[in-house]
Participant: 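One structure coming up, written as structure tokens, with questions to follow.
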Amino acid sequence: MFRSRPVPEAARRRLLEAGIDPVLARVLAARGIEAPAELSEDLAALLPPASLLGASQAAGLLADAIAGAQKLCVVADYDCDGATACALAVRGLRMMGAQVDYLVPNRFEHGYGLTPAIVELALTHPRLGRPDWLITVDNGIASIEGVARANAAGLRVIVTDHHLPGTQLPQAAAIVNPNQPGCTFPSKHLCGVGVMFYTLLALRAELRARGAFTGREPQLAALLDLVALGTVADVVRLDCNNRLLVAAGLRRIRAGHANAGIRALLRVAGRDAQRAASSDLGFAVGPRINAAGRLANIAVGVECLLTDDEDRAARSAAELDRINRERRGIEQTMREQALDDIVDFDPARLCVVAYRADWHEGLVGLIAGRLKDRLHRPAVALAPAAADAAMLRGSGRSIPGVHLRDVLERVSTRAPDLLVRFGGHAMAAGFTIRAADRERFTLAFEEAVAELAERAAFERELLTDGSLADTTIDLALIASLERQIWGQGFPAPLFCDQVRVLSQREVGVGHLKLTLQIDKRRYDAIAFNRVDPLPALAEVAYRLERNEYQGHARVQWIVEAVAGAR
């Protein structure tokens with residue numbers, strides 16, 4: 001069940017010689033860091049915007065639009081990446097002198113992306129009036145019909161997106177997407193807010209070349225807190241370029257320079273901005289913004305990120321917190337139902353497709369994620385579409401080794417009439433099918449997974465960073481680990497040790513509070529979402545956390561998995 005990550009010895013030695021903590025050196029080397037220079041947080045090391053296909057073209061078009069006092073309308077997605085990308089685009093374009101506003105689809109009324117219905121709404125924008133340009137953020141690469149409708153209405157479109165394209169690209173005036181054909185940009189893992197940030201960098205360079213700045217240039221670094229939040233919340237791979245962006249954004253947040261909305265969201269989540277880590281963005285701030293897109297209208301989240309008024313930000317953050325609490329309640333019921341439905345799951349099956357007629361379509365992605373984690377299988381959850389009961393909205397989550405969008409592509413190729421629409425990534429995707437086709441889809445999905453996936457992908461294995469039995473586990477060690485940027489593709493350290501369980505009791509709703517011992521050292525620990533008692537001797541996989549209570553900080557283990565003692 002547990003296996004230690006291999007640690008390249010030469011890389012570990014180089015990191016040690018640079019003065020890096022021995023545990024951290026081991027962890028970093030195991031994640032492919034070969035030299036101290038790769039840990040630089042200097043933004044000068046960012047990949048240049050000119051290398052991102054379409055960025056320079058979009059910059060020229062936007063510069064012309066600004067010079068001509070044309071109206072720009074940003075069309076965003078309804079998740080945290082979309083909300084941050086929208087706020088970034090509006091703030092950044094206004095810095096450049098643009099007349100710009102935004103529009104966000106309602107998940108339940110308009111569907112995903114730049115649809116013809118969204119174009120119709122944009123034509124009579126309540127604040128902007130009829131725009132001259134539509135700029136998509138975190139969507140658009142699959143909006144063939146929507147871009148065509150915009151073109152027919154006399155609106156020009158710039159697509160900025162990061163999702164994988166289909167066989168046909170929209171007929172936009174410019175497309176900025178690192179995953180489009182012909183793009184040689186080395187980082188294919190920019191999320192929507194990252195792509196928009198690069199588009200703004202290219203625009204600033206274009207305006208600089210035109211001599212448009214008579215005073216100080218717009219400081220786009222002031223927007224990096226938004227880039228960090230969207231990048232972490234969208235769970236894209238934290239390659240070197242993304243880690244630079246997230247590190248820079250976290251520095252601003254810790255220094256007290258985050259925008260009012262992010263500060264307010266950290267407060268309602270009970271997180272200390274001065275100690276903010278990527279986990280705070282991913283597990284505290286991001287879910288509160290996502291909840292609005294899942295249950296209500298993501299515009300609440302966008303407005304929270306756009307305002308500079310502290311009181312307004314606080315009110316928006318409180319509303320997002322309320323929506324998130326509502327989301328948790330609905331999700332808990334759906335999760336319990338989904339887990340009940342897989343009690344007799346056949347382990348010979350390679351995937352799971354879950355459905356209930358009363359499920360909320362905005363939360364099916366979360367349920368798919370829970371099922372994926374529980375079964376270690378690609379999982380799809382389906383719910384009736386609010387706008388059309390004859391349709392089902394599906395969301396899927398996958399495991400390493402099973403590319404989910406490729407699976408859906410295979411389903412679509414084999415049965416062209418089955419998927420009404422689909423899109424996504426390797427690990428997450430969304431789609432729509434007809435309710436009458438649910439059983440047919442289940443069979444087709446299983447067949448596609450069987451064709452494309454290696455059987456080894458379905459063997460559950462937990463990679464760890466080995467033992468800390470011979471290490472002093474203290475707050476200094478935790479601080480050295482917290483300073484790094486962890487996330488998708490660069491996972492936070494997970495250690496593994498043989499322990500003696502001295503005490504255990506249930507706390508809260510379904511959690512175990514533990515006292516564990518290695519040799520003669522005792523540590524507080526907690527195992528979330530576990531009520532089954534641990535054996536007296538156990539092998540546990542755990543993370544380290546600084547636990548602060550009434551002004552006193554101490555080490556706490558977060559137990560992620562348990563095996564019997566060897």
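Atoms considered below: every heavy atom in the structure, side chains included; atoms not considered: hydrogens, waters and symmetry mates. Computed from a prediction, not measured in an experiment: that's the story for all the values here.
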Participant: Looking at Arg327 and Leu295, would you say the former's side chain and the latter's main chain have a donor-acceptor pair under 3.5 Å?
Facilitator: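 Flag not set: sc Arg327 to bb Leu295 has no pair under 3.5 Å.
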Participant: Compare all side-chain heavy atoms of Leu224 with those of Leu43 and state whether any distance is below 4.5 angstrom.
Facilitator: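 Contact flag for Leu224/Leu43 side chains = yes.
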Participant: Provide the closest heavy-atom pair for Pro287 versus Gly282 in the form atom of the first, atom of the second, distance.
Facilitator: CD-O, 3.4 Å
Participant: Taking 4.0 angstrom as the limit, do Arg91 and Asp308 come out as a salt bridge?
Facilitator: yes
Participant: Can you tell me how far apart CG (Leu24) and CG (Leu15) are? Round to the nearest 0.5 Å.
Facilitator: 8.0 Å
Participant: Under a plain distance cut-off of 3.5 Å, with no hydrogens placed, do Asp138 and His162 share a side-chain donor-acceptor pair?
Facilitator: yes
Participant: Of the non-hydrogen atoms in Ala58 and Thr199, which two are nearest, and what is the gap between them?
Facilitator: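 Shortest heavy-atom separation between Ala58 and Thr199 comes out as CB-CG2, 4.3 Å.
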Participant: So does Arg127 get a backbone contact from the side chain of Asp101, meaning a donor-acceptor N/O pair under 3.5 Å?
Facilitator: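 Side chain of Asp101 to backbone of Arg127: no pair is present.
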Participant: Can you check whether Ser51 reaches Thr184 side chain to side chain, under 4.5 Å on heavy atoms?
Facilitator: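 Sidechains of Thr184 and Ser51: no contact.
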Participant: Is there a side chain to side chain contact (heavy atoms under 4.5 Å, CB included) between Glu303 and Arg312 once you walk through the steps?
Facilitator: CA-CA 9 Å; Glu303 286 300 318; Arg312 187 176 179 185; 3.0 Å; yes
Participant: Taking atom CD of Gln488 and atom CG of Leu238, what is their separation to the nearest 0.5 Å?
Facilitator: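 If we round to the nearest 0.5 Å, Gln488:CD and Leu238:CG are 8.0 Å apart.
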Participant: Could you tell me if the side chain of Ile141 sits less than 4.5 Å from the side chain of Ile175, heavy atoms only?
Facilitator: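 Side-chain contact under 4.5 Å: yes.
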Participant: Can you confirm whether Asp77 sits close enough to Asp161 that some side-chain heavy atom of one is under 4.5 Å from a side-chain heavy atom of the other?
Facilitator: no
Participant: For Asp81, is there any backbone N or O sitting under 3.5 Å from a side-chain donor or acceptor partner on Thr84?
Facilitator: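 Such a contact is found between Thr84 side chain and Asp81 backbone.
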Participant: Quick check against the 3.5 Å criterion: does Trp486 have a side-chain atom that pairs as donor or acceptor with the backbone of Ala277?
Facilitator: no
Participant: Between Leu114 and Asn139, what is the shortest heavy-atom contact and its length?
Facilitator: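 Heavy atoms of Leu114 and Asn139 come nearest at N-OD1, 3.2 Å.
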Participant: With distance as the sole test, does Lys71 use its side chain to make a donor-acceptor pair with the main-chain N or O of Gly129 at under 3.5 Å?
Facilitator: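 Checked: no pair found.
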Participant: Say you draw a straight line from CD1 of Ile135 to CG of Leu62; how long is it, rounded to the nearest 0.5 Å?
Facilitator: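 It comes to 5.0 Å.
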Participant: Which heavy-atom pair separates Val159 from Val147 by the least distance, and what is that distance?
Facilitator: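 Looking at all heavy atoms of both residues, the shortest contact is CG2-CG2, 4.5 Å.
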Participant: Check step by step if salt bridge (charged side-chain N to carboxylate O under 4.0 Å, His left out) holds for Asp311 and Arg315.
Facilitator: CA-CA 6 Å; Asp311 290 339; Arg315 290 193 298 271; 5.2 Å; no
Participant: Closest approach of Ala379 and Leu371, non-hydrogen atoms and distance?
Facilitator: CB-CB, 3.8 Å
Participant: Is any side-chain heavy atom of Val100 less than 4.5 Å from a side-chain heavy atom of Arg94?
Facilitator: yes
Participant: If you measure from OG on Ser56 to CG on Leu201, what distance do you get to the nearest 0.5 Å?
Facilitator: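 That separation rounds to 11.0 Å.
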Participant: Please determine whether the number of non-hydrogen atoms from other residues, nucleotides or ligands lying under 6.0 Å from atom CZ of Phe213 exceeds 12.
Facilitator: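 Atom CZ in Phe213 is packed in, count exceeds 12.
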Participant: Quick one: NE2 on His189 to CG on Asp239, what's the gap to the nearest 0.5 Å?
Facilitator: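 It is 5.5 Å, given to the nearest 0.5 Å.
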Participant: Please check this pair: side chain of Arg31 against backbone of Val27, looking for a donor-acceptor N/O pair closer than 3.5 Å.
Facilitator: yes
Participant: Report the C-alpha distance between Gln484 and Leu28 in whole Å, list the side-chain angles of each, state the deciding distance to 0.1 Å, and finish with yes or no for side chain to side chain contact (heavy atoms under 4.5 Å, CB included).
Facilitator: CA-CA 10 Å; Gln484 298 301 314; Leu28 293 172; 4.2 Å; yes
Participant: Between Arg294 and Glu331, does at least one N-O distance fall below 4.0 Å, as a salt bridge requires?
Facilitator: no
Participant: Please find the pair of heavy atoms, one from Lys188 and one from Pro178, that lie closest to each other, and give the distance.
Facilitator: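 Reported closest heavy-atom pair: NZ-O, 2.8 Å.
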Participant: Run the salt bridge (charged side-chain N to carboxylate O under 4.0 Å, His left out) test against Glu120 and tell me which residues pass, sequence neighbours left out.
Facilitator: Arg149
Participant: Could you tell me whether Glu145 atom CD has more than 12 heavy atoms of other residues or ligands within 6.0 Å of it?
Facilitator: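 No, CD of Glu145 has 12 or fewer neighbouring heavy atoms, counting only those of other groups under 6.0 Å.
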Participant: Is a salt bridge present between Arg410 and Asp406, judged by a nitrogen-to-oxygen distance below 4.0 Å?
Facilitator: no
Participant: Walk me through whether Leu404 and Phe422 qualify under side chain to side chain contact (heavy atoms under 4.5 Å, CB included).
Facilitator: CA-CA 11 Å; Leu404 193 54; Phe422 70 95; over 6 Å; no
Participant: Thr432 side chain to Arg393 main-chain N or O, any donor-acceptor pair under 3.5 Å?
Facilitator: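 It does not hold such a pair.
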Participant: Are more than 12 heavy atoms, taken from residues, nucleotides or ligands other than Gln219, located less than 6.0 Å from that residue's CD atom?
Facilitator: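 Counting neighbours around CD of Gln219, more than 12 heavy atoms of other residues, nucleotides or ligands fall under 6.0 Å, so yes.
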Participant: Please check if the side chain of Gln180 supplies one atom and the backbone of Leu53 the other of a donor-acceptor pair under 3.5 Å.
Facilitator: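 Present.
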Participant: Flag the pair Cys183 / Leu52 as yes when at least one side-chain heavy-atom distance between them is below 4.5 Å, and no otherwise.
Facilitator: yes
Participant: Output yes when Arg210 and Asp64 qualify as a salt bridge under the 4.0 Å nitrogen-oxygen rule, no when they do not.
Facilitator: yes
Participant: How long is the span from the CG atom in Leu169 to the CD1 atom in Ile144, to the nearest 0.5 Å?
Facilitator: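 Result: 6.5 Å between the selected atoms.
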Participant: Using atom types as modelled, flag every donor-acceptor pair under 3.5 Å from a side chain in residues 424-431 to any protein atom, sequence neighbours excluded.
Facilitator:
none

Participant: What side-chain donor-acceptor pairs closer than 3.5 Å can you find for residues 247-261, not counting sequence neighbours?
Facilitator:
{"from": "Arg251", "atom 1": "NH1", "to": "Glu41", "atom 2": "OE1", "distance (Å)": "2.8"}
{"from": "Arg251", "atom 1": "NH2", "to": "Glu41", "atom 2": "O", "distance (Å)": "3.3"}
{"from": "Arg254", "atom 1": "NE", "to": "Ala276", "atom 2": "O", "distance (Å)": "2.7"}
{"from": "Arg254", "atom 1": "NH2", "to": "Ala276", "atom 2": "O", "distance (Å)": "3.0"}
{"from": "Asn259", "atom 1": "OD1", "to": "Gly261", "atom 2": "N", "distance (Å)": "2.9"}
{"from": "Asn259", "atom 1": "OD1", "to": "Ile262", "atom 2": "N", "distance (Å)": "3.0"}
{"from": "Asn259", "atom 1": "ND2", "to": "Leu305", "atom 2": "O", "distance (Å)": "3.4"}

Participant: Walk me through whether Val193 and Phe197 qualify under side chain to side chain contact (heavy atoms under 4.5 Å, CB included).
Facilitator: CA-CA 6 Å; Val193 69; Phe197 182 71; 5.7 Å; no
Participant: Leu306 versus Tyr102: any side-chain heavy-atom pair under 4.5 Å?
Facilitator: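 Answer yes - side chains close enough.
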Participant: Answer whether the closest heavy-atom distance between the side chains of Val285 and Asp280 falls below 4.5 Å.
Facilitator: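 With C-beta onward as the side chain, the pair stays apart.
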Participant: Is a side-chain N or O of Tyr198 found less than 3.5 angstrom from the main chain of Leu47, in a donor-acceptor match?
Facilitator: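 Yes.
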